[in-house]
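Below: the structure, in structure tokens.
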Amino acid sequence: MENKQVIFFPKTLLGTSDSTVELVGFIKLIKNVRYYFVLPNYIKNTCAGSKVNTIGHFTRNDCRVCFKRTVTNTLCITEINGNLNASLLPGQLDNFVLIIYDASRLYDYGTLFKYEGDSQKFICFIMLSKWLSNTENAERQSHLSEVQVIKVLQGTLQWLMGSPAGLKLNDPLNSLLGTCFLYLVNLWWSFLVLCRPFLELTFQVYVFIGIFGLSYQIAIIEDVLAIVSFHVYCIYVYAAWLYNLQRKSLMILAKLFVGRSCNPQPGRTTPYTTQQLYVGTISFAILLFLLPTTLIYYIVFVVMRTIMVMAKGILIRLRYVLQVLPVYTTLIWFVKPSSSADSWWSTVKHYLPELVEQPPPVSWMTLTKRVCTGKILYPI
């Protein structure tokens with residue numbers, strides 16, 4: 001027989017401006033005492049140890065749900081004229097204790113008791129503190145996982161702005177490129193912070209779509225990979241454009257050392273003027289001395305881009321294999337190969353569907369040429 005009902009109510013809900021708030025938490029029965037642990041509203045979508053459920057509602061007016069008695073076994077807490085009252089539909093809670101707690105003071109549950117023997121006296125507080133602590137750690141880990149990618153890229157840019165691998169780079173250009181790329185990273189991080197609710201909703205939709213099969217899940221991983229690496233792609237595009245521009249300019253200016261310029265008319269050449277030679281030589285020297293700094297940034301980000309392109313190419317081909325692989329025929333061939341007239345590979349090629357587009361073959365020569373010339377790498 002239950003002698004008492006204890007309700008732990010967070011202080012943050014008292015300051016909310018909403019007239020009616022959904023109460024989330026969990027219920028525990030300990031030594032004939034039923035404990036209602038109402039958690040802060042920001043823990044609604046977080047699982048810490050076990051699933052958090054909806055256990056009732058909080059309102060500042062006369063509860064219409066309680067008046068109509070439309071639901072049962074639902075905790076209802078009302079605040080009218082500063083007085084808090086609790087009821088468990090369809091009846092009132094006569095023997096209950098309402099404890100208002102501050103969640104920020106209960107995260108460290110180790111400070112609640114000094115000796116091991118005192119743990120039983122504060123078992124309910126320790127239980128609530130563990131939930132809050134685990135929830136805070138889960139939130140922190142989720143936030144750290146989002147920040148980690150940004151931090152790694154920021155650390156790489158700061159390393160490049162110094163003396164990477166002991167190389168002496170051009171200080172003005174190095175500072176300019178590092179500052180601009182850091183600004184792009186910070187701008188991308190601000191965009192993620194602003195769009196976080198939308199991204200969380202999109203992620204939940206993607207998780208729901210993932211139940212339709214493994215090929216859907218691989219496609220989701222492709223989209224997520226493209227989103228999390230978008231800032232790397234932007235920096236790579238700028239670095240590749242700058243490197244390609246310097247490379248082409250140096251190749252054009254290198255013709256100065258031939259001594260003659262080509263004339264549009266066939267078979268005729270015109271010598272360079274003194275002014276052209278002077279300006280061209282100075283421009284060639286400036287671009288040549290700035291090339292190592294640009295090349296270092298390009299090498300770092302083209303490696304990152306190559307890894308992303310290869311990872312996405314592997315996912316695309318894995319998804320294609322899952323779409324065209326004859327599972328039933330493959331199982332028959334492995335279980336009872338004597339019943340199959342052809343080899344497994346011949347069977348697979350025979351049953352390839354024409355509606356599924358096959359990924360194009362990879363030209364490693366073309367890929368290497370695009371990397372060396374600074375042209376944009378596209379998914380393979």
**Q.** Set of side chain to side chain donor-acceptor pair (under 3.5 Å) partners for Gln323, sequence neighbours left out
**A.** none
Q) What residues form a ring-ring contact (aromatic ring centres under 6.0 Å, His included) with Phe289, not counting sequence neighbours? A) none
Q | Selection residues 309-320 - residue pairs positive for salt bridge (charged side-chain N to carboxylate O under 4.0 Å, His left out), sequence neighbours left out | A | Glu222-Arg319
Q. Which residues pass the side chain to side chain contact (heavy atoms under 4.5 Å, CB included) test with Gln217, sequence neighbours left out?
A. Leu214
Q: Please name all residues satisfying salt bridge (Lys or Arg N to Asp or Glu O under 4.0 Å) with Arg247, sequence neighbours left out, ordered by chain then number.
A: none
(Q) Quick check on the 6.0 Å ring-centre criterion: do Phe9 and Phe58 meet it? (A) yes
Q: Measure from the ring center of Phe191 to the ring center of Trp188 and say whether it is less than 6.0 Å.
A: yes
Ignoring hydrogens and angles, write down the donor-acceptor pairs under 3.5 Å from the side chains of residues 169-181, residues two or more places apart or on other chains.
residue, atom, partner, partner atom, Å
Asn170, OD1, Leu173, N, 3.1
Asn174, OD1, Tyr297, OH, 2.5
Asn174, ND2, Leu160, O, 3.1
Asn174, ND2, Met161, O, 3.2
Thr179, OG1, Ser175, O, 2.7

Q.
Checking Cys234 now: which residues fulfil side chain to side chain contact (heavy atoms under 4.5 Å, CB included) with it, not counting sequence neighbours?
A. Phe230
Q | Proximity of Tyr298 and Tyr243 rings by center, below 6.0 Å | A | yes
Q. For the residue pair Met304 and Thr156, what are the closest heavy atoms and their distance?
A. CE-CG2, 4.1 Å
Q. Under the 4.5 Å side-chain heavy-atom rule for ILVMFWY, direct or indirect, which residues accompany Val321?
A. none
Q: Would you mind listing the cluster partners of Tyr183? Hydrophobic ones only (ILVMFWY), side-chain contacts under 4.5 Å, chaining allowed.
A: Leu187
(Q) Once side chain to side chain donor-acceptor pair (under 3.5 Å) is applied, what residue pairs with a partner in residues 365-380 remain, sequence neighbours excluded? (A) Ser363-Thr366
Q: Could you tell me which residues satisfy side chain to side chain contact (heavy atoms under 4.5 Å, CB included) with Leu318, sequence neighbours excluded, listed by chain and number?
A: Ile218
Q: Tell me, please, which residues at least two apart from Thr281 pass side chain to side chain contact (heavy atoms under 4.5 Å, CB included).
A: none
